[in-house]
Number of protein chains: 2
Amino acid sequence: MTKSDPTPVSDRRGDILALATEAFVTHGYAGTSMADLARVIGIQKASLYHHFQSKQALFVACVTEGYEGTVRRLEAIRADASLSDPARIRAAMEEVYRINLTTPVGRMVTVIVEVAPTIPEVAQAFHGGFIARHYAIVTGMIEDGIARGSFAAIDTLGMQHLFFGPVITLALSREMTACFPDRDELYPVDRIRETHIDLILRLLTDRRASDGS
Amino acid sequence: MTKSDPTPVSDRRGDILALATEAFVTHGYAGTSMADLARVIGIQKASLYHHFQSKQALFVACVTEGYEGTVRRLEAIRADASLSDPARIRAAMEEVYRINLTTPVGRMVTVIVEVAPTIPEVAQAFHGGFIARHYAIVTGMIEDGIARGSFAAIDTLGMQHLFFGPVITLALSREMTACFPDRDELYPVDRIRETHIDLILRLLTDRRASDGS
DNA sequence: GTCTATATTTCGATAGAC
DNA sequence: GTCTATCGAAATATAGAC
């Protein structure tokens with residue numbers, strides 16, 4: 001009972017990562033200096049180097065340590081036996097939209113795109129820890145539905161891209177147009193999401209897809 | 001006839017923009033210094049400042065002056081009366097894949113995502129000069145097909161995102177994983193493109209879509 | 001663990017000769 | 001238009017006291 005307090009009085013590392021993530025999302029990687037981060041966190045720059053070896057190490061920690069929750073929630077949806085196969089797909093799509101559009105980790109995509117060419121380690125961590133795992137869970141859900149006869153025998157790789165592509169592009173577009181006054185008219189999230197879900201479900205339940213051409 | 005030579009002996013500005021674009025795509029905006037650019041181009045850094053006022057001005061020129069050709073080709077496809085409505089959509093999708101995956105301008109998306117938050121002018125130029133125009137042409141093609149009775153009465157905004165989202169995300173994913181040895185297995189362009197085209201055409205010609213719920 | 005102060009490097013941009 | 005040389009600013013990272 002000496003060290004297992006479930007709610008630590010102050011999770012320094014977690015606090016720093018959360019604030020740093022927010023700053024990176026807002027101003028980009030190159031646009032966020034260690035001095036900026038120190039100011040936002042409320043400590044001195046040198047103190048930051050006590051917690052993290054370098055700016056790059058701090059950023060990699062933001063990327064890798066922010067993903068745990070998102071994957072678990074998707075897996076829970078896949079394992080939820082109370083849902084029908086179409087309802088499960090709908091729940092998964094709503095969760096994927098939520099992750100990519102509203103959580104700090106999801107919105108990090110823009111920054112990861114920026115950093116990936118110069119720090120391949122980031123591309124590796126992002127792909128292996130986030131993208132590939134989300135893809136695998138959703139593809140598994142589709143295969144489950146096909147095996148049960150709920151869905152047509154469709155190309156799962158193609159469906160994967162139809163499933164995630166519009167979400168990721170929408171997240172990027174909205175981050176890029178954050179300064180536009182008419183952003184919500186250009187990219188109305190609710191309408192796009194609902195249409196997207198509707199079309200994906202239509203494809204999955206389309207009997208014509210059964211012909212293996 | 002004194003100044004209208006159709007093939008200028010040496011298009012300095014065009015050469016510089018082409019080489020700079022290639023460098024930006026490979027190393028990102030922050031990762032490409034003016035010294036790097038000067039070395040690639042084969043002149044001194046100071047000479048670069050004779051052609052362009054600043055690094056930012058050079059980059060904006062790369063973005064805006066690279067788009068002209070891509071829009072014209074898409075418009076030509078829309079105006080091609082020899083194509084059936086589905087064949088036109090197919091041709092447009094192949095062209096959009098080609099633009100985003102193989103041309104330097106298309107591959108600039110990664111860099112534009114990086115720069116947009118700090119240089120809103122870039123986001124404006126990119127959206128107005130590239131994205132919005134491509135969206136408008138394709139949406140027009142779909143509306144033409146609906147008007148002629150070739151396509152179902154479908155939500156064109158939703159189709160827009162289903163049309164472009166997977167392409168743009170694929171382009172980003174491939175740029176980000178350029179250093180992966182198994183990139184072509186993770187993101188096999190030909191297979192993804194063909195499945196995507198097939199599914200889009202299936203949705204457009206699906207009679208069930210006619211019910212305006 | 002946090003602070004003040006500073007070292008070191010890199011980069012964007014300019015001056016001025018040719 | 002291109003060059004050599006350099007300025008000035010900003011950022012990463014470190015030294016060492018408390």
Side-chain angles (χ1 to χ4, degrees), chain A residues 3 5 8-63 65 111-112 114-122, chain B residues 3 5 8-63 65 111-112 114-122:
Chain A
K3 287 287 287 182
D5 190 343
V9 179
S10 72
D11 177 8
R12 276 318 261 146
R13 185 184 176 89
D15 293 345
I16 291 175
L17 289 180
L19 290 165
T21 299
E22 186 61 35
F24 282 133
V25 168
T26 308
H27 302 105
Y29 183 79
T32 307
S33 70
M34 291 295 267
D36 293 334
L37 292 175
R39 183 163 17 81
V40 167
I41 294 164
I43 61 177
Q44 288 300 313
K45 201 170 45 166
S47 304
L48 210 46
Y49 280 94
H50 176 79
H51 294 276
F52 297 94
Q53 203 172 26
S54 65
K55 183 186 181 182
Q56 178 173 329
L58 197 168
F59 182 76
V60 171
C62 287
V63 174
E65 297 181 27
V111 197
I112 289 163
E114 168 190 351
V115 175
T118 50
I119 313 180
E121 180 184 358
V122 168
Chain B
K3 287 286 288 181
D5 189 344
V9 179
S10 71
D11 178 8
R12 270 328 253 141
R13 185 183 175 90
D15 293 344
I16 291 176
L17 289 180
L19 290 164
T21 299
E22 186 61 34
F24 281 133
V25 168
T26 309
H27 301 104
Y29 183 80
T32 307
S33 70
M34 290 297 266
D36 293 333
L37 292 176
R39 182 163 18 78
V40 168
I41 294 164
I43 60 177
Q44 289 299 314
K45 197 171 50 165
S47 304
L48 210 46
Y49 280 93
H50 176 78
H51 294 275
F52 296 94
Q53 204 172 28
S54 65
K55 183 185 182 184
Q56 178 174 330
L58 198 168
F59 181 77
V60 171
C62 287
V63 173
E65 296 181 27
V111 197
I112 289 164
E114 167 191 351
V115 175
T118 49
I119 313 181
E121 180 185 357
V122 167

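Remember, predicted model here, so these are calculated numbers, not experimental data. Protein chains get the first letters and strands the later ones, always in sequence-line order, with residue 1 at the start of each.
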Review point. Counting only heavy atoms not in B:E121, do more than 12 sit closer than 6.0 Å to its CD atom?
Key: no
Exercise for review: Kindly determine whether A:L48 and A:I43 satisfy side chain to side chain contact (heavy atoms under 4.5 Å, CB included), including the steps that lead there.
Suggested key: CA-CA 7 Å; A:L48 210 46; A:I43 61 177; 4.0 Å; yes
Practice item. Name the orientation class of the two ring planes belonging to B:F24 and B:F59 (parallel below 30°, tilted from 30 to 60°, perpendicular beyond 60°). Key: perpendicular
**Study point:** Sequence neighbours excluded, every pair satisfying side chain to side chain donor-acceptor pair (under 3.5 Å) that has a member inside residues 37-51 of chain B
**Key:** B:D36-B:R39
**Study point:** Any side-chain heavy-atom pair of A:V60 and A:F52 under 4.5 Å
**Key:** no
Revision key, fill the gap. Separation of C:dT8 atom P from A:M34 atom CE, nearest Å, is 20 Å
Study note, to complete from the structure: In numerical order, the residues of residues 35-55 of chain B whose heavy atoms come under 4.0 Å of DNA chain C are B:K45, B:A46, B:Y49, B:S54, B:K55
Review point. Are any of B:R12's side-chain N or O atoms less than 4.0 Å away from OP1 or OP2 of D:dT2?
Key: yes
